[in-house]
Amino acid sequence: MPRTLALALLLAGAAFSAEAQDLFIYGGPIYTGVDSAPTAEVVVVEGGRITYVGPSHAAPDFEYIPHIDLKGAALFPGFTDGHAHLDGIGWRELTLNLEGSASVADAMARLTAWAEAHPDGPIVGRGWIETRWPEARFLTAADLDTAAPGRVVLLSRADGHAVVASSAALAAANVDASTVAPSGGEILKGPDGRPTGLLVDAAEQLVAGLMPQADPEALRNAYRAGFRVEAAYGWTGVHFMSAPWRDVPLLEAMAEAGEAPLRIYNSVTPDGAAALIASGPRSVADGRIITRAIKYYADGALGSRGAALFQPYADRPETTGLMQIAEQEIVPLYQAALRGGIQIATHAIGDLGNASVIEWYQQALAGIPPSDRPNGEDVRWRIEHAQVLRPADYHWFRDLPIIASMQPSHAIGDLHFAPARLGDARLDGAYAWRSLSDMGVIVVGGSDAPVERGAPLIEFYAAVARADLEGFQGPDWRPGEAVDRATALKMFTLWPAYASFREAELGTIEVGKRADFTAFSVDLMTAPAADIPKGHATLTVVDGVVVYRAD
């Protein structure tokens, strides 16, 4: 299939040709990710595999295969988002997006406009965050009721760990002053004892049945939208965290039908644990969709004060956050996964949440000898976020070992409120990419989209600049935790490949590996840091197939 036709079909959301392609790529700096040979001038691909990497004068003469002139763009190994929510990325394109809203008034104006344009059915949205609003408060049901009178409205905070529900939504879900929050959740209530509308962490499940996202065709359209967005950003793969178990067959069917242009590595919701352990790892379409991990939650998020801390929040001393699961429940689940050869990924943000997961991992690993594990010693368990640690706990990531799956953009957003939540002393162990990587820990870079925008250039910039997009770093925001550019490149290429057991075929540009590439208009290795997020993806290639090109 001609490249231009394949691109047109992809952008239209239709099936694309997944047949491996031949390519001759030249015309810009090529960064291989290989320490001993970091740059090249030409890459040749045959049958979806890399067959030549090196100088142009020694390149084979392949006039009969398609040539791609980078026109000065910089080529890298395929960038992989090590932690994202593909379904949420797609739904963000199809529902009310409150990203960037400047105030309660702004967010509610958007809600009113959406309600007028969509007069029927529930209204679902996401992306608001109050930390920089002049009102400096959470949204409430009263806000929603004024903006969209009588409507069922559910608006998730940007971090996904809190949702505000309208009065109609609370009534439909039978949530009132007498409702008791489930374990690991909180129903915020006003002075009168009535719910304000904000439901935190596990309490979100009280209104989950009102979400209109169960329609099969709408769900497929959401995944199509997610694929389009990610390909255009330059991602060649996504580690899909909290992939709904019920959606795995759909994703597999889409891959078999040629509707999955990117590599998806699924870490599924706990309801699929028993079935996945029984079946073992799943892979379809030549590894396009792989399912071999389970995602659990230890605590909540810092912004909604659900992250579990050893000491109280500095700005709300009556709480230390919310643990989501207990040792006696989780350790047997971990051990079952060990016996089944299934990887574990556990969400932990607060220092107590992280320390608890470390202890649970120790117990589980000690209880199941390597001889009783299909993967022996090589389990590659992960902590997702590892956001606020006690420095005394760093060594466990090296010694057990544990993969630290971290999202650089969280640090450049959280710098505006984390000091108030944590106080200065606890910032010593926060967003500690450099401390961990210097110890030899595998630090996987991700975006957590749609919690964050999800652009690889923002994530790379955050990792090396540790400043927000306006250049603001804040007072003593631990600048020494920024990483160098070679480390940042590994965080989004080789180390995600390792974390998905695919470093032998992905993550660097080397002969014999699969032909996954990302090209950007900005040279990440030489451009001033401030210029990095101003660039864009120019080329996304998976198995030698061009799945996105900015013509």
Side-chain angles (χ1 to χ4, degrees), residues 18 78 80-91 213-214 216 219-220 222-224 226-227 230-231 235-297 330 333-347 364 373-375 378-384 403 405 444 446-449 495-507 514 516 542-543:
T80 294
D81 191 333
H83 181 118
H85 307 279
L86 185 63
D87 52 349
I89 293 166
W91 286 117
Q213 299 175 356
L219 182 61
R220 196 176 191 117
Y223 279 118
R224 287 169 174 156
F227 280 126
E230 297 298 89
W235 299 116
T236 60
V238 174
H239 291 191
F240 185 1
M241 289 294 139
S242 298
W245 176 248
R246 68 180 183 274
D247 292 357
V248 171
L250 170 60
L251 287 167
E252 292 175 339
M254 292 179 73
E256 296 285 9
E259 289 188 87
L262 309 183
R263 302 190 191 282
I264 304 299
Y265 184 77
N266 287 322
S267 185
V268 301
T269 47
D271 60 305
L276 181 59
I277 290 168
S279 70
R282 298 163 58 131
S283 177
V284 302
D286 192 26
R288 188 56 59 94
I289 308 289
I290 294 176
T291 306
R292 68 174 296 171
I294 305 164
K295 166 82 175 298
Y296 290 103
Y297 282 84
I330 193 62
L333 298 174
Y334 288 165
Q335 291 179 331
L338 274 176
R339 292 190 181 97
I342 300 300
Q343 187 184 37
I344 290 293
T346 307
H347 164 116
R373 311 173 197 162
N375 296 325
D378 191 21
V379 298
R380 306 192 191 188
W381 281 8
R382 307 162 52 137
I383 290 182
E384 303 303 315
I403 293 168
S405 174
V444 171
S447 74
D448 205 10
W495 289 346
Y498 176 87
S500 59
F501 298 87
R502 303 194 76 180
E503 73 277 11
E505 56 181 353
L506 299 172
R514 291 177 179 265
D516 287 13
V542 179
D543 274 334

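Fair warning: this is a prediction, and the values are worked out from it, not measured in the lab.
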Could you check if a side-chain atom of [X] sits within less than 4.5 angstrom of a side-chain atom of [Y], using non-hydrogen atoms only?
| X | Y | answer |
| --- | --- | --- |
| Val379 | Gln343 | no |
| Leu506 | Tyr498 | no |
| Phe227 | Ile264 | yes |
| Pro261 | Val542 | no |

Task: Listed partners of Arg220 passing side chain to side chain donor-acceptor pair (under 3.5 Å), at least two apart - done: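 Side chain to side chain donor-acceptor pair (under 3.5 Å) check on Arg220 returns Glu259.
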Open item on the list: Under the rule for side chain to side chain donor-acceptor pair (under 3.5 Å), what residues qualify as partners of Thr346, not counting sequence neighbours?
Closed with: Tyr334, Tyr361
Task: Arg292 charged N/C atom sitting above Phe501 aromatic ring, 6.0 Å / 45° - done: yes
Task: Gly340 to Pro281 - nearest heavy-atom pair and separation - done: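 For Gly340 versus Pro281, the nearest heavy atoms are O-CD, 4.5 Å.
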- [ ] Measure across Ala84 and Ile89 and return the closest heavy-atom pair with its distance rounded to 0.1 Å.
- [x]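 Heavy-atom minimum between the residues: CB-CD1, 4.1 Å.
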When you measure from the side chain of [X] to the backbone N and O of [Y], does any donor-acceptor pair fall under 3.5 Å?
| X | Y | result |
| --- | --- | --- |
| Asp81 | Val238 | no |
| Thr80 | Gly82 | no |
| Thr269 | Trp245 | yes |
| Asn266 | Val268 | no |
| Glu230 | Gly237 | no |

TODO: Taking side chain to side chain contact (heavy atoms under 4.5 Å, CB included) as the test, write out the residues that go with Ala273, two or more places apart.
DONE: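 Ala273 satisfies side chain to side chain contact (heavy atoms under 4.5 Å, CB included) with Ile294, Tyr296 only.
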Task: Contacts of type side chain to side chain contact (heavy atoms under 4.5 Å, CB included), residue Ala499, not counting sequence neighbours - done: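 Result, side chain to side chain contact (heavy atoms under 4.5 Å, CB included) vs Ala499: His239, Arg382, Ile403, Val444.
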To the nearest 0.5 Å, tell me how far [X] [atom1] sits from [Y] [atom2].
| X | Y | atom1 | atom2 | value |
| --- | --- | --- | --- | --- |
| Ile342 | Leu276 | CD1 | CG | 4.0 Å |
| Ser267 | Met241 | OG | CE | 4.5 Å |
| Trp381 | Ser405 | CH2 | OG | 16.0 Å |

- [ ] I would like to know whether Ser242 and Tyr297 meet side-chain hydrogen bond (donor to acceptor under 3.5 Å, both in side chains); could you show each step before the answer?
- [x] CA-CA 10 Å; Ser242 298; Tyr297 282 84; 3.2 Å; yes
Task: Working for side-chain contact (heavy atoms from CB on, under 4.5 Å), residues Arg282 and Ile290 - done: CA-CA 6 Å; Arg282 298 163 58 131; Ile290 294 176; over 6 Å; no
Task: Pairwise salt bridge (Lys or Arg N to Asp or Glu O under 4.0 Å) hits with a residue in residues 261-272, at least two apart - done: Arg263-Asp516, Arg263-Asp543
- [ ] Would you kindly say whether Glu384 and His347 are connected by a side-chain donor-acceptor distance under 3.5 Å?
- [x]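 No - no donor-acceptor pair under 3.5 Å links their side chains.
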TODO: Please identify each residue that fulfils salt bridge (charged side-chain N to carboxylate O under 4.0 Å, His left out) with Glu505, with sequence neighbours left out.
DONE: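 Partners of Glu505 by the salt bridge (charged side-chain N to carboxylate O under 4.0 Å, His left out) criterion, ordered by chain and then number, come out as Arg49, Arg502, Arg514.
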- [ ] Could you go through the side-chain contact (heavy atoms from CB on, under 4.5 Å) check for Asp448 and His85 one step at a time?
- [x] CA-CA 7 Å; Asp448 205 10; His85 307 279; 2.9 Å; yes
Open item on the list: I'd like to know if Arg288 and Asp286 make a salt bridge, using a cut-off of under 4.0 Å between side-chain N and carboxylate O.
Closed with: no
Open item on the list: Show, in sequence, the C-alpha distance, side-chain angles and deciding distance for Phe240 and Asp87, and conclude whether the side-chain contact (heavy atoms from CB on, under 4.5 Å) test is met.
Closed with: CA-CA 9 Å; Phe240 185 1; Asp87 52 349; 3.4 Å; yes
